[in-house]
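Everything below concerns the one structure shown next.
Chain letters run A, B, ... following the sequence lines, proteins first and then strands; every chain starts at 1.
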Amino acid sequence: MTMIEAIRDAHAVAMERDERVVVFGEDVGYFGGVFRCTQGLQQRFGSHRCFDSPISEAGIVGTAIGMAAYGLRPCVEIQFADYVYPAYDQIVSEAARLRHRSAGDFTAPLTIRMPTGGGIFGGQTHSQSPEALFTHVAGLKTVVVSNPYDAKGLLLAAIEDDDPVIFLEPKRVYNGPFDGHHDRPIVPWSKHPLSEVPEGHYTIPLGEARIHRPGGDLTVLAYGTLVHVAQTAAEETGIDAEIIDLRTLLPLDVDTIVESVVKTGRCLVVHEATLTSGFGAELSATVQERAFHHLEAPIVRVCGWDTPYPHAHEWSYFPGPARVGQAMLEVMGR
Amino acid sequence: MTMIEAIRDAHAVAMERDERVVVFGEDVGYFGGVFRCTQGLQQRFGSHRCFDSPISEAGIVGTAIGMAAYGLRPCVEIQFADYVYPAYDQIVSEAARLRHRSAGDFTAPLTIRMPTGGGIFGGQTHSQSPEALFTHVAGLKTVVVSNPYDAKGLLLAAIEDDDPVIFLEPKRVYNGPFDGHHDRPIVPWSKHPLSEVPEGHYTIPLGEARIHRPGGDLTVLAYGTLVHVAQTAAEETGIDAEIIDLRTLLPLDVDTIVESVVKTGRCLVVHEATLTSGFGAELSATVQERAFHHLEAPIVRVCGWDTPYPHAHEWSYFPGPARVGQAMLEVMGR
Amino acid sequence: MDGEQVGQQALRLHIPDTERGPGAEPPEVRFISAAGEMRRPELDEPVERIALMRKQMVRVLDDDGAATGPWDPQLTADQLRTGLRDMMLVRAFDARLLQAHRQGKISFYMQCLGEEAIACAHKRALHPADMHFPTYRQQGLLIAGGYPIVQMMNQVLSNEADPLKGRQLPIMYSSKEYGFFTISGNLATQYVQGVGWAMASALSGDTRIASAWIGEGATAESDFHAALLFASTYRAPVILNIVNNQWAISTPEDFARGASATFADRGFGYSIPALRVDGNDYLAVYAATRWAAARARGNLGPTLVEWVTLRRGAHSTSDDPSVYRPAGEASHFPLGDPIANLQRHLVTLGQWDDDRHAALSNELDAEVAAAFAEADAHGSVKSGHTADPRTMFDDVYAELPRHLREQRDQVGR
Amino acid sequence: MDGEQVGQQALRLHIPDTERGPGAEPPEVRFISAAGEMRRPELDEPVERIALMRKQMVRVLDDDGAATGPWDPQLTADQLRTGLRDMMLVRAFDARLLQAHRQGKISFYMQCLGEEAIACAHKRALHPADMHFPTYRQQGLLIAGGYPIVQMMNQVLSNEADPLKGRQLPIMYSSKEYGFFTISGNLATQYVQGVGWAMASALSGDTRIASAWIGEGATAESDFHAALLFASTYRAPVILNIVNNQWAISTPEDFARGASATFADRGFGYSIPALRVDGNDYLAVYAATRWAAARARGNLGPTLVEWVTLRRGAHSTSDDPSVYRPAGEASHFPLGDPIANLQRHLVTLGQWDDDRHAALSNELDAEVAAAFAEADAHGSVKSGHTADPRTMFDDVYAELPRHLREQRDQVGR
Ligand SMILES: Cc1ncc(C[n+]2csc(CCOP(=O)(O)OP(=O)(O)O)c2C)c(N)n1
Ligand SMILES: Cc1ncc(C[n+]2csc(CCOP(=O)(O)OP(=O)(O)O)c2C)c(N)n1
Ligand SMILES: [Mg+2]
Ligand SMILES: [Mg+2]
């Protein structure tokens, strides 16, 4: 399965098992979403379970919060993560806080899905990775997926979770495990073991990282597309990197991270989002706080530059295998 | 002068010198703002230079961007930082990017002021410190003020700056240099040297930190209210802390920071905002990257907890002198 | 005038009236009808025809205290006395807590002085299971709904017994059981949530409807548009209330209304039938609420209601209205006071007199005093009698995650 | 029907028509008037009277190609031929760039096929110094304004000569000099910025007005409300254009319009006079623009205009409309094609014929081909001929700060 198919499948399984699950968003109903992640749901479950919405992210999230407070389990799509900001107030001031401010009287179990990241020549408003704008907000959970198997299990877990979950889908890996070399032929998911997706229901617990590649030389903290890029860089540099796919950024699987860094003594943090105040800063700070005496070299961050994501120069912006590999060598002191 | 008077004065000086400066926001005109930071401006400059707006943060910032693109220099107030989110899209997608996306054809020289922080029993929606949500955004400058002298000079610099500036005013130090002990009598600004504010025009360059208290034992990176709290903690623990008031978070004065940490070998980062993914993470990561081999102990962060700011328990939430002092001892290995 | 001819005239910006303060004239209330004048449209009457009544106002009680016209809800004397009691209890409650603020027992308070009829009659006119999405000035919904006032006081005191564990600013109540959605400090967010709740109820084939509340000032916020639009598109069973109390902190209604005649006018562009109602007339509020509720329950979609009233007091205990309010505004206000209006009606009907009124007033004062004594016995944030500070880490998530466990362990260590 | 009686009926949610696709009926266009039927209101006519015309449409050209009625802008034959040429140039331009996309030379494109009259006539009817806040489907504003099409092509190719240095997605043009605000990928943001620009112009005693653009789908966004409200409150000299081309990607206009009759209706609630205009009628567009501009220039405030048209092509080169569009929609569309409509009018006037039309068409194709050849000579993002990647660090701020200098030094190292 591709990641798109896995996401579609997770929706269908959730809707089949629990009639409180409703799915809506821009172009999500009849058309099945601009990336087709909800294709077929309206036909199968009817237009009361999966429907189109007006183009209003604030309205989508605001009404979804009301539905969740009523007792439904809305799973909504923001067409591109770059367009989530009109809903930002509803997410951070409302969804994130209903439970706390009402002392558990009202809750907002909703899932907000959105495609993130660049690599499709989308320019500055179809390429953003806003995870750090959600990880700063107490009350939210934030998930970033990197492959079909995880995507299905994590989306089911998100929909079933009793708290609001921000579910980020790097669009560059929707159709294949992008290795970071944009100039090479596209590899489809079918060739990758993580595209084997079981039928029916399964979940992957939120808050648990996955060791994507075990290794002893250095720890790479990654998520989304960069998991695959780090894999390429490890292969190309021959460094025995332990690549951790964080999967859930908040709450973070600190144990898995610290255990690895204690073992390797070195740590590289990679993400596609803008460097300054990105989630990599939190990772670096956390590792430094908890494994300081084990660190043999400074923790290095390789991230998107502190500029808008440029259309023509996206491959200069994207932290590809060359930059990641170079940083690996640097952390290794080579 | 109090910090409120200094801010008012900065407005007046800016409006006097440059008729392109216009000031508006909720209750900003006739009433002079709920914290009275714009008091007297409408009477003095007329209702076309300083006026009330409808209660729409999106409209305030959206129209201000249009005015700035026209050639004016709007300086707008968001009544509480907690209410900036409806304007978040206009700030991060628009103000921050006009110049870049138009290759300099259009610009957005506007200043967005807002009171931040707790300590006035404001509860979760009158206490937030959202600086990290702005420092992640390329194209914005972010300033946090801690005293009247800086507030005037930095506000004038912000209004004159050719880029959009987020100007954060910790409300707890509006009327006095709060030492962190909420149970002691309030000390007014008049007793503090930084309340001596020159008449007329002066600016403090954006991007330059200020050494609030020189010291040799450890470096404390602070801004806003926490500058004063750190001062108290240094006095109370007897640790010879070098307290740096960052003043501008973006662009950051890396040189001053690194120079200090290289000297002291120890670093404590403090802020009132929620810890996870706060600006402290960026500071910790930066220091670690640039002064790793000089660090004798892990960098520690003392911040607000990862919860909404609670009304009754705000003094358990607030990183006061006890917590900051304890962390100083920890970083000193005592 | 023609386009070509006016091209070189200098433009100028219109700033709505900036004159305020003790020396200014009290602003005029626009478009007041006589009691009984406005007809009662069919529930499914086309929005154009309803919009033609835009400069009229639903009013039932005339100046002599008689009920008149097609909107008279024909309440029994008992219902009327209950309404009077509800409103007087709200007023006594507010007075006691304002006093508690002056006594330094609480950090903050907001009263609804002069606006009591709206929430009280609205709550009684709906079903107890319907869900309200209130602002901070609808304490009447809880009180008329029978929520224990001592619990409200515990919240306001942020004391040990506060059901919200000291987390929220005073008056930011929450009670799912009593159909009262948790109040947000962020204006307008609840309006679209109320629409979402109503959509969910309709999606579920339920019979409960939602009632969403907003101040006239806050209609300027973006969520107002999202709420009206989604309500219109999906014909959500929701009542969209706008409480026009003339003021938004220091700013008169002009800024949020703009050039339009009334706030009710906003409904037309979404084809949402909209009424303007005398919010100080308990009977008009009751009747208009029933009309809107019947539309919602009959799957006829949302209704917008502008309730015209006056904020008699300060915005909150944090502001000093003498700076911006014209002198004598309350006494000039043409719709009177909601309690006095209903009292006069009951007296006119021969169902009430001054003695009974004084007795009820004393009874309610005593009830409020007793409740306050009970709440006060649980202490307050000022006395340091609050929930355990470590409870602040609860309810951030359904389960306490590791990082919050670690943080909690540092509190009070 | 009465409130009490309908209480226990199960609620149900209304979902606007979900039937689409090749097998579905083409949606009907609502409320079409005959050419010349709608009267021309005074510039300061009360909004109620204008609102009464809500189900009428400004149309000048009748089916025979004759101009008729009070809205006829009385253009000269030269002006009409210029209009025709503008529209044909836009169409030829779009066609060439769609071809470039098929050839793999560009990453993305959006055409405005069928909507050419709106931007072209609007631009010609305003002053060149007025400022437009466009969406991505108003390339006609630049082309009718005389902006060099080769520059537009350079932008679309993201090549070495791209004035925006490869930073923006193709078609996201910017030209202050030509009164064309930098296009945002985020829908609706420009609408309120346009109002702010107009407010600034009025604050400054300038004579320039603003014209802000939005698609009917994007009117659902919150910024739409902020724009109308601020325009209403401060009577900003702005034209608020809604291009109703029936579709928002795959979603028909129903979702954004909700229950209301038209998008023009949205103006009423803010007391903003609103017109519905045949967007495929060059003369109607010209005349309505002049009317709105005269209001703005005369300090009479904003005007809302709903331009009714049809998006004939795909949303963009990224979508396949065959999934959701009814077959034959374009041929069923009752307002015809803007170029054919104006061509017929000129022929009727005896000012045009098939030969001249063919000649002009060839001339424009040649002009476009030459421009494309020139742009193409500067390469494209696909050929790797772009601005220096290190320029991406420029213009983030007015001056390059230290951290960006450091980052720039790492690019290409
Ligand atoms: C998003 C947001 N912006 C600003 C505020 C500050 N604020 C609180 S109440 C208020 C005035 C609201 O006026 P109105 O809606 O008329 O309600 P009223 O107080 O009259 O009941 C303002 C500006 C806020 N709470 N939230
Ligand atoms: C804030 C935001 N949300 C969603 C999108 C994605 N999007 C781009 S165009 C479009 C449809 C817009 O339709 P309409 O406003 O009718 O304009 P048209 O394409 O018909 O010209 C959508 C949903 C966006 N660009 N920005
Ligand atoms: Mg009000
Ligand atoms: Mg459209």
Q | chain B contact via D/Met172 - which portion, at a heavy-atom distance below 4.5 Å | A | neither
Q: Return the set of residues passing side chain to side chain contact (heavy atoms under 4.5 Å, CB included) with B/Pro164 (not counting sequence neighbours), or none when no residue passes.
A: B/Ala95, B/Leu110, B/Leu140
**Q.** Taking every non-hydrogen atom, the tightest pair across B/Val269 and B/Gly280
**A.** CG1-CA, 3.5 Å
Q: Flag the one option from B/Gly71, B/Pro54, B/Pro86, B/Ala68 with the top tally of heavy-atom pairs under 4.5 Å to chain D.
A: B/Pro54
**Q.** Nearest heavy-atom neighbours spanning D/Pro134 and D/Leu141
**A.** CB-CD1, 4.1 Å
Q: Any chance you could measure B/Ser260, atom OG, to B/Ile211, atom CD1, to the nearest 0.5 Å?
A: 6.0 Å
Q) Where does D/Leu229 contact chain B at under 4.5 Å (heavy atoms): side chain, backbone, both or neither? A) side chain
Q. Can you find a pair of side-chain heavy atoms, one from B/Val76 and one from B/Phe167, that are under 4.5 Å apart?
A. no
Extract the chain B to chain D donor-acceptor pairs under 3.5 Å, no hydrogen or angle test applied.
residue: B/Asp52; atom: O; partner: D/Tyr234; partner atom: OH; Å: 2.6
residue: B/Tyr70; atom: OH; partner: D/Asp206; partner atom: OD2; Å: 2.5
residue: B/Asp89; atom: OD1; partner: D/Asn186; partner atom: ND2; Å: 3.4
residue: B/Gln90; atom: OE1; partner: D/Gln193; partner atom: NE2; Å: 2.9
residue: B/Gln90; atom: NE2; partner: D/Thr189; partner atom: O; Å: 3.1
residue: B/Gln90; atom: NE2; partner: D/Asp223; partner atom: OD2; Å: 2.9
residue: B/Ser93; atom: OG; partner: D/Asn186; partner atom: ND2; Å: 3.3
residue: B/Glu94; atom: OE1; partner: D/Gln193; partner atom: NE2; Å: 3.0
residue: B/Glu94; atom: OE2; partner: D/Ser184; partner atom: OG; Å: 2.5
residue: B/Glu94; atom: OE2; partner: D/Thr189; partner atom: OG1; Å: 3.0
residue: B/His100; atom: N; partner: D/Asp395; partner atom: O; Å: 3.2
residue: B/His100; atom: O; partner: D/Arg167; partner atom: NH1; Å: 2.9
residue: B/His100; atom: NE2; partner: D/Arg167; partner atom: NE; Å: 3.4
residue: B/His100; atom: NE2; partner: D/Met392; partner atom: O; Å: 2.8
residue: B/Arg101; atom: NE; partner: D/Thr182; partner atom: OG1; Å: 2.7
residue: B/Arg101; atom: NE; partner: D/Ile183; partner atom: O; Å: 3.3
residue: B/Arg101; atom: NH2; partner: D/Thr182; partner atom: O; Å: 2.8
residue: B/Asp105; atom: OD2; partner: D/Ser174; partner atom: OG; Å: 3.0
residue: B/Asp105; atom: OD2; partner: D/Ser175; partner atom: N; Å: 3.4
residue: B/Asp105; atom: OD2; partner: D/Lys176; partner atom: N; Å: 2.8
residue: B/Gly139; atom: N; partner: D/Tyr397; partner atom: OH; Å: 3.2
residue: B/Leu140; atom: O; partner: D/Tyr397; partner atom: OH; Å: 2.6
residue: B/Asp163; atom: OD1; partner: D/Ala398; partner atom: N; Å: 3.3
residue: B/Asp163; atom: OD2; partner: D/Ala398; partner atom: N; Å: 2.9
residue: B/Asp255; atom: OD1; partner: D/Arg402; partner atom: NH1; Å: 2.4
residue: B/Asp255; atom: OD1; partner: D/Arg402; partner atom: NH2; Å: 3.4
residue: B/Asp255; atom: OD2; partner: D/Arg402; partner atom: NH1; Å: 3.0
residue: B/Arg290; atom: NH1; partner: D/Glu406; partner atom: OE1; Å: 3.4
residue: B/Arg290; atom: NH1; partner: D/Glu406; partner atom: OE2; Å: 3.2
residue: B/Arg290; atom: NH2; partner: D/Glu406; partner atom: OE1; Å: 2.6

Q | Sole candidate of B/Pro109, B/Cys75, B/Pro74 that passes side chain to side chain contact (heavy atoms under 4.5 Å, CB included) when paired with B/Ile159 | A | B/Cys75
Q.
So for B/Ala64, is it side chain, backbone, both, or neither that comes closer than 4.5 Å to the heavy atoms of chain D?
A. neither
Q) Can you name the nearest heavy-atom pair linking B/Ala132 to B/Ser277, along with the distance? A) CB-O, 3.6 Å
Q.
Counting only non-hydrogen atoms closer than 4.5 Å, does B/Val61 touch chain D with its backbone (N, CA, C, O), its side chain (CB onward), both, or neither?
A. neither
Q: Quick one: closest heavy-atom pair of D/Ile214 and D/Ala188, and the distance?
A: CD1-CB, 3.8 Å
Q. Using non-hydrogen atoms only, which part of D/Ile183 is less than 4.5 Å away from chain B: side chain, backbone, both, or neither?
A. backbone
**Q.** Minimum heavy-atom distance B/Ile244-B/Ile257, with the two atoms named
**A.** CD1-CA, 4.1 Å
